[in-house]
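Sequence lines set the chain letters: A, B, ... in the order given, protein chains first and strands last, and positions in each chain run from 1.
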Amino acid sequence: MSNSPEQATQKRVPVNRREFLNLAWLASLGFFTLNIAGVTYLFSMPRFKEGEFGGVVNAGSVSELPAPGSAPLNLPVAKTWLSNTEAGVVALYKVCTHLGCLYNWNNQQQKFICPCHGSQFEADGSYIKGPAPRSLDRFVVRAIDPNTGEVLAEAVDSPLPLENIPANAIIQIDTGKKVTGVTHT
Amino acid sequence: MLKSLNFNDLRQKAVRAIDNRVRIITAGLGLDELRAVMRGDPPTEKPNPRYRVHTTSFLFHIRPRYYEKGSTIFTHTFRLGFFTSFFFFVELITGLILMIYYTPSPEAAYQSILELESNVFFGKLLRDMHRLGAEAMVIFTALHMLRTYLTGSYKKERSFTWFTGVILLGITLGLSFSGYLLPWDQLAYWAVTIGTSMAEAAPLLGQQLNLLLRGAPDIGAGGLLRFYLAHVVLLPLGAILVISIHYYKVSREHGISLPARFEEGNVPPEVKKNAKSRVDFIPDLLTHEVFLTTLGLLALLVAIISFGYSAPLEHHANPQQTPLDTKAPWYFWWLQGMLKLGDKTLMGIILPTIIVLLLIAVPYLDRNPHRSLFKRPIAVSLGLLSVMTLVVLSYMGLPVYGIETPAATRIIQDIAPEEGQGPLYEIPFDQLQPGVYTVSETPPDELCPTIDFGCPKLTEVFLEFNNRVIEAATNPNLSEEQRLPNPEAVMVIEDWQQDLRKVTLRIAWDDPRTNQRTSYEKLVFMHRDHIRE
């Protein structure tokens, strides 16, 4: 049969119907798999409520902050040391950049010292000495108008200056946005 | 009536009926044949029914019909692959049983381990077996890989088998690491914190990856559940799939490689023929496997019962406090060592990725057709060099390397560590004589002259404290961090309550860096009835 002259002369179509349909099913399956991967990714990604670590945490109003240059404030909920330096407010992530230990404020020496391996940092988080590869990580800090909720000022990788901010403004720490400290050489 | 019954006939019928049932269960082996298998006799029927089992039985169809005699030589494989899968099955079975009592939540996990260790028949034994089996599986996987590398068995047609092996190495480490967190003690919590923070160093995706792994910015209830599910479902499923592919390649496609001495060079034909002769799976290899399984189980039990292996369990996880000398699990020490050498992204992510890619690419990079150790000097020396590098890096990953703990902290923590056993805890309660013992004032050999049985253990510990403080104070060769100029060190023992004593270790010194008087102290409460493990 396959040798019949009609079949031999019949042109072989580049893609026949079955091949096309099979390719279409496979493409749909591939697309579907990608969808499932995306859904799984979004499903597994944790979301954070306000006031929860990983989300936005309120640190009180500007008037409640410690005086500039005094000991930083320990905020366990935000896993943060809130430091009010001369240059402005910094929210430092509590975890040492060396191996993940929790460092502490040493009031006598006026610096952060990690109990594990002795890394030391200034009140604004910058590296002094020790095995840590970089300065302390920071969270994004915002000043919010208490009445309108409007963002008055935002500081990403610099301290938040308080000069032009009213005393009743709320300081917010966005613990979902971490800024990696500067690597020293 | 009796005469009408033909007993002989009846007996034959019964035997035949039983024989038939047995044949159905054993996929073709009759009673006589089973006996012959047990005895190692030649097959009783023709064609050989032992081969038929491999096509009719599910469990046997994945096993080979035979191996070539040369490949079964002990010093060629050391049965490392067998023991790797043996330990996988040990983990599977003990793990399933342990799941009965385990609850994956931060509130209940530690409690369920305590319950398991103290109030469940054989609970501690099963946990010890599971932990020891996990360590052994990692060790045997690595040794199996090293053996395959040294005998050149990854070459040519076996390159894909090598690739699946590299994936299995990753899955094995993942299984072991995810199980590490589950007891929710300080050891687990901080080792995994360090391990997952390495993932954070990955460029672009690091933070996302870390969130996916931990379910939160730090390890908590979500992270524990994710690790648990990975440990009991995702990774075992992956392991079973890849092990099946890996094993199928070995058993049904290429067989175990012959030692190079039978394949390369001028091998006399009769030697080659002998090496290629078949050793049937049933009965010889099966018998051997039964023996090895028994041996493996015996070794596990002896290690636990006679040598006293005990799975570690420290205090309940405390996210607010990092213990001194925190380290990753031992099979990641090399990574921790690398992290000390440079940038977290380069050393923690980029270099390890390159190492894994190189490992996968080994069969394609190595174009040398020879398999004999002596004909591949470069490959063998590179392999041995890598092993030595790993050992050195692992040493560098330990807290003793490159991390200077201040002298006072070091001395006091060595005598009374936060976790585990230490010299101070070994002092019997009655020897803890209340008093103030001052370094270089109290004569260290006369601590309690008033009690007639003396206090040898207390004296020993105080002597160590005394000597180390004096050493740190007087040795001029030590670094600034390690020196204790002008020290005042005391060990105070007080009666605190009935049967409870408080031990204070305190060192004060002039800190040369700040020129200030600094002190470090630690309090330990010891109870008469408390037994520290």
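Atoms CD and OG1, from A/Gln109 and B/Thr518 in turn, are 6.5 Å apart once rounded to the nearest 0.5 Å.
Across all non-hydrogen atoms, the minimal contact from A/Pro46 to B/Ala216 is CG-N, 3.9 Å. Closest approach of B/Leu212 and A/Ser44 over heavy atoms only: CD2-CB, 3.6 Å.
No more than 12 heavy atoms of other residues, nucleotides or ligands shown are found within 6.0 angstrom of CG on A/Asn164.
Contacts of B/Gln336 with chain A are made by side-chain atoms alone, with heavy-atom separations under 4.5 Å and no backbone atom involved. Residue B/Arg214: no heavy atom, backbone or side chain, is found under 4.5 Å from chain A. In this structure, chain B has a heavy atom under 4.5 Å from the side chain of A/Phe48, while its backbone stays farther away. With a 4.5 angstrom heavy-atom cutoff, A/Lys94 touches chain B only via side-chain atoms.
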